[in-house]
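Shown next, in structure tokens, is the structure this report addresses.
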Amino acid sequence: MEEKVLQNRKNGLQALLLFALLYIAAGVCFGFGCSFMGGPNQAVGIAMMIVGGFWLLVGWIPFFGLTILKPQEALVLTLFGKYVGTLKSEGFYWVNPFCSSVNPAAKTRLNQSGDVDGSGKAFQLGQFTQAASGVKVELPNQKISLKIMTLNNSRQKINDCLGNPIEIGIAVMWRVTDTAKAVFHVDNYKEYLSLQCDSALRDIVRIYPYDVSPNVDTTGDGVADEGSLRGSSEMVASRIREEIQNKVAEAGLEVLEARITYLAYAPEIAAVMLQRQQASAVIDARKMIVDGAVGTVEMALERMKKNQLVELDEERKAAMISNLLVVLCSSRDAQPVVNSGSIY
């Protein structure tokens with residue numbers, strides 16, 4: 001179904017004044033008709049009473065056709081089940097009072113912008129909301145927001161490509177681009193979007209390891225790469241956005257951006273993975289220390305040879321190298337030993 005944008009004139013104010021004047025005229029007509037009763041113009045009075053009384057009974061119906069649209073709002077209209085069109089431009093309109101506005105997601109409350117009211121605690125009873133300040137009627141808003149919305153989906157526990165359970169959460173920026181598809185192609189476009197976000201997130205996360213691992217192909221080209229959830233977050237978010245967009249295109253939704261808001265190992269393996277990361281960090285640090293120590297020893301031997309400070313045989317060189325490496329690579333401060341005798 002294609003969207004049909006109505007180019008109605010913004011004649012709501014004129015219609016309001018007209019119907020108000022007609023209602024007043026009907027009351028005056030009914031009053032004059034009552035005054036003519038029992039006189040020579042009784043027939044005219046009866047006719048005026050019938051006309052005025054009829055409009056007084058049904059004249060309130062056209063007022064239901066008055067509607068106001070704010071910027072970035074749309075109203076999908078149906079007449080006796082048939083799609084009439086969509087109002088998208090802000091203004092004060094009058095439409096057929098028998099038209100019904102349709103928004104199946106009007107009552108849906110998700111963890112997203114525009115759906116969460118933090119002003120106070122309240123509980124809903126049908127269409128009524130009882131708050132601490134009193135009882136008020138809360139009718140569902142049938143207008144569809146065209147603004148950019150932010151959906152914060154709940155954290156999920158998913159196994160990465162190595163089978164490690166991780167917890168991940170995403171935030172999705174989206175908006176409605178085709179109101180007809182959003183209303184008529186899916187039952188509830190907000191719930192549909194949330195479900196597709198969960199599905200797309202699982203599909204993409206299962207391709208990547210949490211951290212860089214050897215012999216893992218994340219691009220599908222058959223060549224191992226260094227892609228990971230922790231190190232390639234921009235690429236992962238882009239692939240998640242594309243996957244969601246492919247799934248929600250039929251619902252008339254556009255996904256602008258997807259961002260990873262939370263990423264961590266699941267609690268049951270977090271401690272073990274932390275020890276693994278610590279061990280890897282210690283090994284890398286030791287490797288750097290050894291490389292630096294070997295370079296320092298080489299530099300010391302070259303300078304001693306160049307400056308001809310002392311001539312050492314191979315055995316003494318080996319002892320010197322051993323002592324320097326112990327001093328430079330040790331995790332504690334070296335304790336000096338003074339040799340008061342001969343070096344030989």
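Note that the structure is predicted; figures quoted are calculated from it, not measured.
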What verdict does the ring pair (Phe, Tyr, Trp, His ring centres under 6.0 Å) test give for Trp94 and Phe19, after you've listed the backbone C-alpha separation in whole Å, the side-chain angles of each residue and the deciding distance to 0.1 Å?
CA-CA 11 Å; Trp94 182 83; Phe19 297 143; 5.6 Å; yes

Side-chain touch Gln156/Leu201, heavy atoms, less than 4.5 angstrom
yes

Would you call Glu257 and Arg259 a salt bridge, using N to O less than 4.0 angstrom?
yes

Using a strict 4.0 Å threshold on nitrogen-to-oxygen distance, state whether Lys70 and Glu90 make a salt bridge.
no

Separation between CD1 of Ile204 and CZ of Arg239, rounded to the nearest 0.5 Å
5.0 Å

Side chains of Asp211 and Ser228: is there a donor and an acceptor less than 3.5 Å apart?
no

With a 4.5 Å cut-off on side-chain heavy atoms, are Tyr208 and Asp160 touching?
no

Check this for me, if you would: do Lys88 and Glu3 make a salt bridge, where the nitrogen-to-carboxylate-oxygen distance has to be below 4.0 angstrom?
yes

Side chains of Asn164 and Asn159: do they bring a donor and an acceptor to under 3.5 Å?
no

Do Cys99 and Thr78 have side chains that get closer than 4.5 Å, going by heavy atoms?
no

Spell out, yes or no, whether Tyr189 and Leu195 are grouped together once hydrophobic residues are joined by side-chain heavy atoms under 4.5 Å, including indirect joins.
no

Any idea how Tyr83 and Phe184 line up, ring-wise: parallel (<30°), tilted (30 to 60°), or perpendicular (>60°)?
perpendicular

